[in-house]
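Here is the structure we will look at.
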Amino acid sequence: MIPKLRAWKKYDSPEMFRDIAFIDFNKKLLGVNYKVSKLTTRLDIETLDKFILMQSTGLKDKNGIEIYEGDVVKVMDEDESTDFCDGGIGTINGLDELFMWYIDGEVENGLFDINSSYYIEVIGNIYENPELLEGHEK
């Protein structure tokens, strides 16, 4: 299975997330689609070092939003009524060596299995919404 990725442009761009058209790791190039209008997109080819790639977990949050590495999430208990552990805010991270996604933050003493029975809601990401993590970092 080919992993699904999104690209975050590091510099000088009002619309930071890009749809990836192709990646050439040998030439270190990334083809990205820019929305020009509702009906028109433009393909630009840029160097890979201008972007941060984030992998999809393959899972969706309680609202059907796809969850990516770097997303800031809120974790609630099974009846969706109360936040979990001091606000239940954390970031999605991957443990490549264990092939596991987890939530890092003030959730279950720092580690929380993303495949659990709790409700997860994407509320932002670490690049566009760093303020969401203020007061929740260790």
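Treat the numbers as computed from the prediction; the structure is a model and nothing was measured.
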(request) Assess whether side-chain contact (heavy atoms from CB on, under 4.5 Å) is satisfied between I126 and V72, documenting all intermediate values. (result) CA-CA 6 Å; I126 60 175; V72 177; 4.1 Å; yes
(message) Test question: given the 4.5 Å side-chain rule for I, L, V, M, F, W and Y, name all other residues clustered with I45, or answer none.
(response) F22, L29
Under the rule for side chain to side chain contact (heavy atoms under 4.5 Å, CB included), what residues qualify as partners of [X], not counting sequence neighbours?
X	value
E66	K4, S56, Y68
N129	N125, E131, L132
K60	none

How long is the straight-line distance from [atom2] of [Y] back to [atom1] of [X], given to the nearest 0.5 Å?
X	Y	atom1	atom2	value
L30	L53	CG	CG	6.5 Å
F51	K10	CZ	NZ	10.0 Å
K28	I23	NZ	CD1	14.0 Å
I123	I65	CD1	CD1	13.0 Å
K74	I89	NZ	CD1	6.0 Å

(request) Mind checking side chain to side chain donor-acceptor pair (under 3.5 Å) for E121 and listing every partner two or more places apart, or none if nothing turns up? (result) N63
(request) Can you sort out the partners of D24 under side chain to side chain donor-acceptor pair (under 3.5 Å), two or more places apart, ordered by chain and number? (result) none
(request) State whether the side chain of T57 and the backbone N or O of I67 hold a donor-acceptor pair below 3.5 Å, judged by distance alone. (result) yes
(request) State whether R6 and D71 are salt-bridged, where the test is any N-O pair (Lys NZ or Arg NE/NH1/NH2 against Asp/Glu carboxylate O) under 4.0 Å. (result) yes
(message) Side-chain heavy atoms nearer than 4.5 Å, only ILVMFWY residues, links allowed to pass through others: does that put F25 and V32 together?
(response) yes
